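In this text the structure is predicted, and so the values were computed from the model without any measurement.
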Amino acid sequence: MAEPFDLLIAGAGINGAGIARDAALRGLRVAICDEGDIAGATSSASTKLIHGGLRYLEHGAFSLVREALREREVLLRIAPHLVREQRFVIPHTAALRPAWMIALGLFLYDHLGGHSSLAPSCSIRLGESPFGEALRPGFTRAFGYSDLAVDDARLTLLNVRAAADAGARVLPYTRLVSATRSGGHWEATLVTADGDRIGHRARILVNATGAWVATVRNRILGRHTGARVRLVQGSHVVLPRLYAGSHAYLFQNADRRIVFAIPYQGEHTLIGTTEVVLDDPQVPVAASDEEVEYLCRAAGAFLRAPVRPADVQWRFAGVRALYDDGHADPSAVSREYRLQLDGTAGEPPMLSVFGGKLTTYRRLAERALAKLSPWLPGLAASRTAELPLPGGEPAGGAIDAQVRTLVARHPALPASWLEALVRRHGSRAAEVIGEAGSHDVPGRHFGANLHEAEVQYLVRREWARRSDDVLWRRTKCGLDLSADERDAFGEAFAAIRERFAGGGSA
């Protein structure tokens, strides 16, 4: 009988991915599965920010903000190809929050996390600044501060890639249907999207299934555990670029919520997010017309350019599974994560992950393994704060320098494609080019700087199984393709997938 895994992780969102990477780098035998794609749910439907959570200060969540601010620095170090500084502008509306309150909040934001590599906050006179050009008349003062923008899906995916590089087994589109304790291990049954049943044994089960965490926990334990989860849907819209400049805006609204407007994928603007309480995790998640109208109205109250629902190019939604702390206002529900352990020293444990933020996933993983350490004697120390994510190796240098190097090395390949590769894959862009580099033939161009050579890589090395996995998660090329081009890619992808079936684990 095969040796059992140390950890079987259900859920390949950011929390499960982070735990898999940390555990595998410590030498543990790891398997991670997900009913859908890697980052197929909430972890590809965020506001695409690594941030301390400025608004959480208003709710007194100082420890959460401090931890998140410190993690910004870690991610700048280990994922320089995925994160970049994003400057935010907050137009001041005196009727909502006084200037002194915003200034105090930003002062705390600058200092709570210790040393910061980002530009400090400042006060802005909009009449003397280009930041005011995009705003409606009447706004005279603003505040500026910095956070990080990130590709959330690729951050998740590259944590899984790092786990696989360290020996983990990765099983996307594979659902954990049952698990029972037997002889000091978990006997788990998984079912693939094709209906094949797979049996695995594991010493520890990790339930990182996000919105389904309570459902899975109750099913595995065979009883209602009483765990309280608040499901909060956050929706976003993407429109053609609404203003010039690389800065983003944070808009305060009369309902005391905030809405971001962020430059996105070159010629687009991302606006988000909403907070709508849901009751059933099984209901398909989608941004409603009401949410789209709300976001457009909120941004349109500040921006000169018309912000119309009819101009929305893409809408998406994710569900945050927050630990229910009893607050009636979903904005006030704590974003602190909770790690619930079921099991005694004499039986194999199950760890369930409630809540969490994209920004603090790495610390969550460290704490998860610390909680499991009684079942993992001799557990090595974590190395995730020092080791770069795939593509973030220091040898790659700055993004612009990497692009220049590839353009000089491959003058016959499209420079725009090479730049897109570096921004998606960092120092592994040369690996993506592969044989295309030696023959200067990147294969069929599907539009929007998506070439067949990269698609092959995404299938072989990044577990892409369906066309949407490529168009909307591993890249965002679907945003710049027409409906006909997306359909044509879907047909071509099926043939590519057939040729490289079984890829991703190498």
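One finds a salt bridge joining R363 and E67 here, because a Lys/Arg side-chain nitrogen approaches an Asp/Glu carboxylate oxygen to under 4.0 Å. Checked for salt-bridge contact, E462 and R161 miss the test: no charged N lies under 4.0 Å from a carboxylate O. Comment: E71 does not engage R66 in a salt bridge, judged by the lack of any side-chain N to carboxylate O separation of less than 4.0 angstrom. A salt bridge is defined here as a Lys NZ or Arg NE, NH1 or NH2 lying under 4.0 Å from an Asp or Glu carboxylate O, and R315 with E291 fails to meet this definition. Using a cutoff of 4.0 Å between basic side-chain nitrogens and carboxylate oxygens, R304 and E133 are not scored as salt-bridged.
For the atom pair CZ of F131 and CZ of R87, the computed distance is 7.0 Å after rounding to the nearest 0.5 Å. In this structure, S116 OG and D110 CG are separated by 7.5 Å, a value rounded to the nearest 0.5 Å. To the nearest 0.5 Å, the span separating CD on E73 from CD1 on I50 amounts to 12.5 Å.
Donor-acceptor pairing under 3.5 Å is recorded for the side chains of E336 and S63.
Remark: aromatic rings of F88 and H247 are distant, center separation not under 6.0 Å. Ring-centre distance between F302 and F139: below the 6.0 Å cut-off.
Cation-pi geometry between R367 and Y361 is not satisfied (NZ or CZ under 6.0 Å from the ring centre, within 45° of the ring normal). Cation-pi check for K48 over F316 is met; the charged atom lies under 6.0 angstrom from the ring centroid and within 45 degrees of its normal.
For R486 (side chain) and L471 (main-chain N/O), no donor-acceptor pair under 3.5 Å exists by modelled atom type. Judged purely by atom type and a 3.5 angstrom limit, T273 uses its side chain to pair as donor or acceptor with the backbone of S235.
Between Y243 and Y249, the angle of the ring planes goes over 60°, which puts this pair in the perpendicular group of the 30/60° scheme. Note: H51 and Y56 have tilted aromatic rings, judged against thresholds of 30 and 60 degrees for the angle between ring planes.
In this structure, the side chains of R428 and Y457 come closer than 4.5 Å at one or more pairs of heavy atoms. Using a 4.5 Å heavy-atom cutoff, the side chains of L148 and V150 are not in contact. Between L69 and T359, every side-chain heavy-atom pair lies at or beyond the 4.5 Å cut-off. Residues R474 and D37 have side chains in contact (heavy-atom distance under 4.5 Å, counting atoms from C-beta outward).
Heavy-atom contacts from other residues, nucleotides or ligands closer than 6.0 Å to CZ of R297 number more than 12. For W212, the CH2 atom sits in a loose shell: 12 or fewer heavy atoms of surrounding residues, nucleotides or ligands are nearer than 6.0 Å.
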(request) Show your working on side chain to side chain contact (heavy atoms under 4.5 Å, CB included) between T47 and L358 and close with a plain yes or no. (result) CA-CA 10 Å; T47 313; L358 187 72; over 6 Å; no
(request) Begin with the C-alpha distance, continue with both residues' side-chain angles, and end with the deciding distance and a verdict on side chain to side chain contact (heavy atoms under 4.5 Å, CB included) for L25 and T384. (result) CA-CA 8 Å; L25 287 172; T384 58; 4.1 Å; yes
(message) Pair R424, L158 - check side chain to side chain contact (heavy atoms under 4.5 Å, CB included), show working.
(response) CA-CA 10 Å; R424 288 196 278 266; L158 292 183; over 6 Å; no
(message) If you apply the rule ring-ring contact (aromatic ring centres under 6.0 Å, His included), what do you find for Y337 with F354, and how did you get there?
(response) CA-CA 6 Å; Y337 48 82; F354 293 83; over 10 Å; no
(message) Is there a side chain to side chain contact (heavy atoms under 4.5 Å, CB included) between T269 and Y264? Walk through the geometry before answering.
(response) CA-CA 5 Å; T269 299; Y264 188 64; over 6 Å; no
(message) The test is salt bridge (Lys or Arg N to Asp or Glu O under 4.0 Å); show your working for D469 and R473 and say whether it passes.
(response) CA-CA 5 Å; D469 299 348; R473 285 181 286 279; 2.7 Å; yes
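For G266 against R241, the heavy-atom pair with the smallest separation is O-NH1, 2.8 Å.
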